[in-house]
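Fair warning: this is a prediction, and the values are worked out from it, not measured in the lab. Positions are given from 1, in the same order as the sequence printed here.
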Amino acid sequence: MCVTEMSSLAMASSLGHPFALPSSSRPYVRRRRKFRTKPLRVALVEARPRPTVPVIDRDATTNRNSELQINGSVTAGEISVLSCRDRTDDMQAEARAMARAANASVYSPALLATKYGSRPIKVLRRALEIFTGLGSFAINLWLDQLNGLANRNRRLRAVELRQTFTRLGPTFVKIGQGLSTRPDLCPPEYLEELSELQDALPTFPDIEAFSCIERELGRPLDSIFSAISASPIAAASLGQVYKAQLKYSGQLVAVKVQRPAIEEAIGLDFYLIRGLGFLINKYVDIITSDAIALIDEFARRVYQELNYVQEGQNARRFRKLYANKEDVLVPDIFWDYTSGKVLTMEWIEGVKLNEQDTIERQGLKVLDLVNTGIQCSLRQLLEYGYFHADPHPGNLLATPEGKLAFLDFGMMSETPEEARLAIIGHVVHLVNRDYEAMARDYYALDFLAPDVDVSPIVPALRNFFDDALTLTVSELNFKTIVDGLGAVLYQFPFNVPAYYALILRSLTVLEGLALYADPNFKVLAASYPYFAKRLLTDPNPYLRDALIELLFKDGRFRWNRLENLLVQGKKDRDFSAKDALQPVLKLLLGQDGEPLRVLVVKEAVRVTEAIFFGTLLESYNSMPAFMRTVIANGNMTGPFITSIAEQESMMELRAQVFRIWELLRSSENFDPALLQPILQVLQQPEARSLGGRVFGGITQRLAARLLQQVLRSPTPSTLSTSIS
């Protein structure tokens, strides 16, 4: 078969053309380069017509249920038994995959030191290679600046940097991938060139990839796939991906095969980088974080990426947590065709998130997809604590249906529960400008040891955030906050945990993607609805206290804060008015709620007074002029007349309360029936006592106003002026 025929056949495969991989004596034909090798016993040839095989649902592990539903009706009990059997089979297949990956490499600094400590020549050669590659680029960049050619040669230098990273191997490709999503750090030419490092890297020979599949899975290629692409459809830092069709079901899958000898290359690089970390810890005072700890954490993540069974388990866990969202798609894993160096997962059609023109031609909006990614990431970081730590454009696809598909689950991380709550509390303290509380948050975030005095940190936080918070939330840039906090962190004995560094990477990558489409996009503004929803609806005691702290100040309830939280919280599709009401009542009527009850009684009296008098004033102002004159002259409303300033305050509070009620009532999932549990709660003795205190407070206020009016005895002219 000639190269043209193979290309046509590969094209036909994506369109559903029947093709197969039977045993054959035909020689394997390379598409890109020639090399000497023995003919491969598996070739890509067109198959004879065969019966159509039903494609399995993406949520199923086998196609048994699909076949039954196609061939005849079955009872719910039979489907349940089959589903249970499928889950059992899937667990057994996963166990077999884990057995195949039993010898996967694990990061061990001690083993690397033993291995490379006795090979100084190899280490020196690699160090010189890195120094020469990066040094040559730095010198050329310096000469361009010196000769005034920096702008003219920018594209040339961007290509040179991409080629340098590619030559230096997977470790530096990872660095390039991170830079490719930072328009705030790199000019457009660099972003464009470095983005090729995401999935357009040089490939390794296909014959080695196919041999690896057979060796790892212990089966001939043609017994697994009815077809496989003649060459990789993508090549990443650690492996390359083929498109294939499973023989047993006809399911289209992506098959990722690990690069040969990659453990050797990465191990040597991390040995050198770790040595650099020792020097940084010892001689560079400006970096207060433990460089070795950060390097070790990153190295462990990369080594986990080398174990494709671990990646498959990560994908399954991620899918279980987040794939139930209607706008998020996570591919399923096929354990029977997965090992430590081969990963077979569901094929997903889509476009990389940084290909804005292509996405918009499909009628989709990049910012909508990025916002989906941000909301999903916030849930990852702050709700479940399990998050995708490498969301570059090559790992995020826009599907034709408008869903956001996550790929590549090699680099994942977890946020401790205490830190998740502390991050939300930190945002509350930031909004309140409570810098003492912000400084104390760093204990819970594990930034500071318990014996560190935070009092010197407070002025530094105040100096930075007082300037930053002159901007609105919609104007705040995530990078501005990160850079400002970084400047504070450098001045004090902070130790940035590894999970926090990965959180920053994840959010800055998403903000970088958004900046492609809209230079004015702000991650913090897009994130605020989620924070508002969590504060209003989460029953966690820490978050309930944070909400009370946000809403009450100096014994007064800040209705504008509640209104703003509701406005923002409603933008989150998971917001529930029911959830926003009942946890607050439980806190209010609980054993520890007395301090809050004192504040609520005081505020309830104020609100009742505002609604009562505001309604009277509104009715009075709607009367004809002659009736207002008669009522005023007769002093019939004497107890209800206040100063103009107080009247305006009452009317504004009344309007604000009505707006808040309308916000709750207009929620998509609002149901008047949700008030029934509240009424039941109000029947409790504590609630009746609270109601009595409110009624008593209102009565006292009315009596005080009546007494004040009697003693003041205003004239009719004063009465008319104050009301109108």
Side-chain angles (χ1 to χ4, degrees), residues 1 3 6-7 9-10 13 20-45 97 100-105 166-174 197-247 253-269 302-303 305-309 311-312 334 336-345 394 408 410:
M1 180 179 294
V3 174
M6 294 186 67
S7 300
L9 189 52
S13 70
L21 266 175
S23 299
S24 173
S25 59
R26 300 183 184 184
Y28 178 78
V29 182
R30 293 282 303 163
R31 174 183 286 188
R32 298 181 181 175
R33 64 175 75 88
K34 296 180 179 179
F35 58 94
R36 296 180 180 179
T37 183
K38 295 179 181 179
L40 187 66
R41 65 183 179 84
V42 178
L44 188 62
V45 298
R100 287 191 289 269
N103 296 324
S105 299
T166 301
R167 283 196 305 271
L168 291 177
T171 308
F172 292 88
V173 167
K174 286 285 183 186
L197 297 176
Q198 292 159 8
D199 57 7
L201 292 168
T203 62
F204 60 90
D206 300 307
I207 189 171
E208 294 187 24
F210 294 152
S211 297
C212 178
I213 295 173
E214 293 187 328
R215 184 173 59 253
E216 286 288 310
L217 302 183
R219 301 169 61 180
L221 203 64
D222 58 352
S223 70
I224 305 172
F225 307 114
S226 58
I228 190 167
S229 56
S231 59
I233 52 93
S237 55
L238 304 183
Q240 58 194 35
V241 181
Y242 295 85
K243 184 178 182 179
Q245 188 175 43
L246 291 178
K247 191 169 185 177
V253 293
V255 185
K256 183 159 73 169
V257 186
Q258 194 172 111
R259 291 180 179 274
I262 194 170
E263 299 99 328
E264 178 72 18
I266 288 180
L268 179 54
D269 283 346
V302 173
Y303 267 77
E305 288 189 71
L306 296 179
N307 184 351
Y308 285 175
V309 171
E311 180 176 345
F334 296 86
D336 280 328
Y337 314 113
T338 295
S339 72
K341 296 184 179 181
V342 176
L343 177 64
T344 302
M345 67 174 65
D408 195 350

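The CG atom of L217 sits 4.5 Å away from the CD1 atom of I224 when rounded to the nearest 0.5 Å. The CG atom of L238 sits 4.0 Å away from atom CD1 of I262, with the distance rounded to the nearest 0.5 Å. Atom OG1 of T344 is separated from atom CZ of F334 by 8.5 Å, given to the nearest 0.5 angstrom. Expressed to the nearest 0.5 Å, how far CD1 of I207 lies from SG of C212 amounts to 13.0 Å. Interatomic distance, I228 CD1 to I233 CD1, rounded to the nearest 0.5 Å: 10.5 Å. R219 CZ to D336 CG: the interatomic distance, rounded to the nearest 0.5 Å, is 7.0 Å.
V255 is listed as a side-chain neighbour of F225, based on a closest heavy-atom distance under 4.5 Å. Side-chain contact between Y303 and L306: present, with at least one pair of heavy atoms (C-beta onward) separated by less than 4.5 Å.
When every heavy atom of V309 is checked against every heavy atom of A97, the shortest pair comes out as CG2-O, 3.4 Å. Considering every non-hydrogen atom in both V241 and A254, the closest pair reads CG1-CB, 3.9 Å. Minimum heavy-atom separation, P202 to A235: O-CB, 4.2 Å. In terms of heavy atoms, F204 sits closest to A209 at CE1-CB, 3.6 Å. Looking at every heavy atom in both residues, A230 comes nearest to D206 through O-OD2, 3.6 Å. Minimum heavy-atom separation, D222 to K247: O-NZ, 3.1 Å.
Under the rule for a side chain to side chain donor-acceptor pair (under 3.5 Å), T338 has no partner lying at least two apart in sequence or in another chain. E263 is linked by a side chain to side chain donor-acceptor pair (under 3.5 Å) to nothing, counting only residues two or more places apart in sequence or in another chain. Applying the ring-ring contact (aromatic ring centres under 6.0 Å, His included) test to F172 and every residue at least two apart in sequence or in another chain returns nothing. Remark: A104 engages N307 in a side chain to side chain contact (heavy atoms under 4.5 Å, CB included) (not counting sequence neighbours). Taking K256 as the reference, E311 meet the side chain to side chain donor-acceptor pair (under 3.5 Å) condition, with sequence neighbours excluded. Taking D269 as the reference, R126, T171 meet the side chain to side chain donor-acceptor pair (under 3.5 Å) condition, with sequence neighbours excluded.
In this structure, E214 contributes its side chain and L221 its backbone to a donor-acceptor pair below 3.5 Å.
Each of R100, Q258, E216 was evaluated against S339; a single residue qualifies, E216, per the side chain to side chain donor-acceptor pair (under 3.5 Å) test.
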